[in-house]
Amino acid sequence: MEDKQRVVIAGAGLVGSLLSVFLIKRGYEVKVLEKRSDPRKSMRSEGRSINLALSHRGLRALEAADAELPSRVLSEAVPMYGRQMHDEQGHLSFQPYSSTNECIYSVSRSGLNNCLINTAEQQGVSFLFEHSIAQTDFASKTIQVHHQGQLISISAPVLLAADGSFSKVRASLEVQGLCRSTLEKIDHGYKELDIPSDKGVLLEPQTALHIWPRGEYMLIALPNFDHSYTGTLFLPFNDTNQELSFQELDNESSIHRFFDNHFSDASALFTDLAKQYLNNPTSYLANVFTDRWAFGSWLLIGDAAHGIVPFYGQGMNAGFEDCRLLDELLTQHNHNFEGAFHAFSTNRKKDTDAIARLAMDNFIEMRDLVADERFLLQKKIEGALTKALPTQWKTLYSEVTFSDTPYSEALARGKRNQLIMNEIMNDPALDLTNWQEKEMWDRLLYKVQRAVGL
Ligand SMILES: Cc1cc2nc3c(=O)[nH]c(=O)nc-3n(C[C@H](O)[C@H](O)[C@H](O)COP(=O)(O)OP(=O)(O)OC[C@H]3O[C@@H](n4cnc5c(N)ncnc54)[C@H](O)[C@@H]3O)c2cc1C
């Protein structure tokens with residue numbers, strides 16, 4: 001490269017900040033415009049999840065951006081080896097994520113974001129906080145930005161829009177007739193509720209994602225580094241079935257009754273449960289689908305291109321993977337933005353569509369099936385198959401969470417595996433206890449080997 005190419009990134013969230021580290025290392029001049037004030041200087045919560053699950057794809061991208069990043073991020077992360085299930089009677093059962101002890105990590109959103117901004121800044125990225133993009137003009141490659149009460153114009157020959165699910169850049173490209181997007185809200189919303197450290201130590205094990213599955217709704221809790229937990233209640237916004245919706249839970253007594261009836265072993269863990277409940281926002285969840293991400297030297301990336309519901313814990317991981325894949329494409333296309341952006345948009349969309357679908361399916365699995373005996377039996381058999389046939393059989397969860405397999409391939413293999421498992425689970429000779437007996441195990445192993453072509 002002769003002159004330093006100037007690159008503008010919209011949004012200093014998780015994806016924009018990581019992307020800026022990749023791009024500064026390529027030798028570009030990188031500016032990041034962010035509507036918030038500098039998050040490192042404020043304790044204000046953004047009204048988003050306080051912690052989130054980081055897994056293989058995200059870690060791999062962090063490492064590709066900067067070899068120091070994984071250890072920095074993991075120094076304050078809590079490993080989670082599986083799901084700790086709480087039934088309505090308070091009985092517990094643990095479901096490991098992997099038969100080889102692999103784990104995902106609970107990390108603080110703000111800690112991770114600040115770490116990425118610091119790393120980027122140290123390497124020369126400039127962050128312009130309190131710069132809120134209002135609109136764009138694709139023809140002149142300029143963006144209009146609100147800053148300190150003024151509307152200023154900034155030239156952006158190369159623009160990467162990482163301004164989240166409600167992307168202003170995407171909206172303004174739509175107005176200019178360049179793309180179309182849909183934001184599909186689901187019927188359930190979520191509300192976060194804190195469990196402080198002194199109560200959190202009672203919720204064992206700390207190295208698990210806790211789930212209280214209740215069919216139409218569920219409560220989950222992810223551990224924080226200081227032994228506190230962040231609980232999240234997922235519930236329909238409205239429901240005809242009294243009590244079971246955010247709309248119905250609007251006073252202290254109905255809130256206490258609801259938690260005591262349905263989450264009896266959790267309700268005492270929250271401090272000032274009803275107060276927290278009434279003060280904390282109820283937020284909605286949505287999938288974002290955009291028909292086009294690349295516009296010459298402008299690109300939508302991360303949630304701005306493909307926001308998804310959080311039930312597979314993959315939104316950020318997918319966004320981080322976007323950054324790594326784009327970086328590889330820039331190398332393959334010899335720094336040609338248009339070529340790399342076009343290839344990225346063309347290759348990647350099938351994968352983000354697949355993870356959107358998997359995330360919706362996992363919502364049903366988490367809130368419903370995880371408490372079902374036949375489902376649990378299937379999970380045990382699948383775990384044993386992974387050990388018996390390590391190269392031929394991987395669980396869908398493992399392909400999504402612990403590998404780089406493109407999401408669309410994981411989805412296709414998951415469908416094949418489900419068909420095989422349906423045949424096994426429908427075997428009239430199989431019951432809840434006999435699957436490990438030699439004759440039964442040989443029989444189901446034979447069926448699987450035949451189905452996968454061994
Ligand atoms: C409840 C919940 C739980 C989740 N849990 C997980 C999980 O466990 N694992 C996981 O992988 N993912 C999870 N996700 C998804 C994850 O949060 C997102 O995928 C991720 O934050 C996307 O990063 P992003 O940078 O693309 O967008 P964002 O994080 O939304 O960042 C966008 C940035 O752009 C800025 N911005 C917005 N508009 C403008 C503007 N007009 N001008 C300038 N700047 C602007 C915003 O202030 C923000 O800083 C969860 C999401 C939710 C809602």
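Sequential numbering from 1 along the given sequence is applied to the chain's residues. Atoms within each ligand, like the ligands themselves, are counted from 1 in listed order.
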Open item on the list: Below 30° counts as parallel, above 60° as perpendicular, anything between as tilted: where do the rings of H210 and H86 land?
Closed with: tilted
Open item on the list: So that I can tick it off, tell me whether E174 and R292 are bridged by a salt bridge, with the cut-off set at under 4.0 angstrom between side-chain N and carboxylate O.
Closed with: no
TODO: Using distance alone, decide if ligand 1 has a nitrogen or oxygen within less than 3.5 Å of any nitrogen or oxygen in D303.
DONE: yes
Task: Within-cut-off N or O pair, A10 and ligand 1, under 3.5 Å - done: no
Task: Per-atom contacts of ligand 1 with R36, taking only distances under 4.0 Å to non-hydrogen atoms - done: 47 (O), 49 (O)
Open item on the list: If the cut-off is 4.0 Å to any non-hydrogen atom of L33, which atoms of ligand 1 fall inside it?
Closed with: 43 (C), 44 (N)
Task: Sub-4.0 Å atoms of ligand 1 with respect to non-hydrogen atoms of A162 - done: 32 (C), 33 (C), 34 (O)
- [ ] Classify the angle between the aromatic ring planes of H306 and W293 as parallel (below 30°), tilted (30 to 60°) or perpendicular (above 60°).
- [x] tilted
TODO: Specify whether F258 and H262 have parallel, tilted or perpendicular ring planes, treating 30° as the upper limit for parallel and 60° as the lower limit for perpendicular.
DONE: tilted
Open item on the list: Counting only nitrogen or oxygen atoms and a 3.5 angstrom limit, does P310 reach ligand 1?
Closed with: no
Task: I301, any N or O under 3.5 Å of ligand 1 N or O - done: no
- [ ] Give a yes/no on ligand 1: does S132 have at least one heavy atom closer than 4.0 angstrom to it?
- [x] yes
Open item on the list: I'd like to check whether R109 has a polar contact with ligand 1, where a contact means an N/O of the residue lying under 3.5 Å from an N/O of the ligand.
Closed with: yes
TODO: Please state whether the rings of F237 and F246 are parallel, tilted or perpendicular, taking 30° and 60° as the class boundaries.
DONE: tilted
Open item on the list: If the cut-off is 4.0 Å to any non-hydrogen atom of H131, which atoms of ligand 1 fall inside it?
Closed with: 42 (N), 43 (C)
Open item on the list: For F320, does the six-membered ring have the charged nitrogen or CZ of R60 within the cation-pi criterion, i.e. under 6.0 angstrom from the centroid and within 45° of the normal?
Closed with: no
Task: Heavy-atom nearest option to atom 12 (N) of ligand 1, drawn from M316, E192, K191, E130 - done: M316
Task: Cation-aromatic face contact K199/F270, 6.0 Å, 45 degrees - done: no
Open item on the list: Given the ring of F22, does K25 sit roughly above its face, with NZ or CZ under 6.0 Å from the centre of the six-membered ring and within 45° of the axis?
Closed with: no
Task: Those atoms of ligand 1 less than 4.0 Å from some heavy atom in K168 - done: 41 (N)
TODO: Mind checking whether L222 contacts ligand 1 via backbone (N, CA, C, O), side chain (CB onward), both or neither, at a 4.0 Å heavy-atom cut-off?
DONE: neither
Open item on the list: Within the 3.5 Å criterion, strictly below it, is a donor on N51 or S108 matched to an acceptor on the partner's side chain?
Closed with: no
- [ ] Check each atom of ligand 1 against the heavy atoms of G315 and keep those under 4.0 Å away; list them by number with element.
- [x] 10 (C), 11 (O), 12 (N), 15 (C), 19 (O)
Open item on the list: One residue to check: F166. Relative to ligand 1, which of side chain, backbone, both or neither has a non-hydrogen atom less than 4.0 Å away?
Closed with: neither
- [ ] Go through the side-chain N and O atoms of S110 and N113 and say whether any donor and acceptor fall under 3.5 Å apart.
- [x] no
Open item on the list: Is there a polar contact between ligand 1 and A304, counting only N or O atoms under 3.5 Å apart?
Closed with: no
- [ ] Enumerate the atoms of ligand 1 whose separation from the nearest heavy atom of A53 is less than 4.0 angstrom.
- [x] 7 (C), 8 (O), 9 (N), 10 (C), 11 (O)
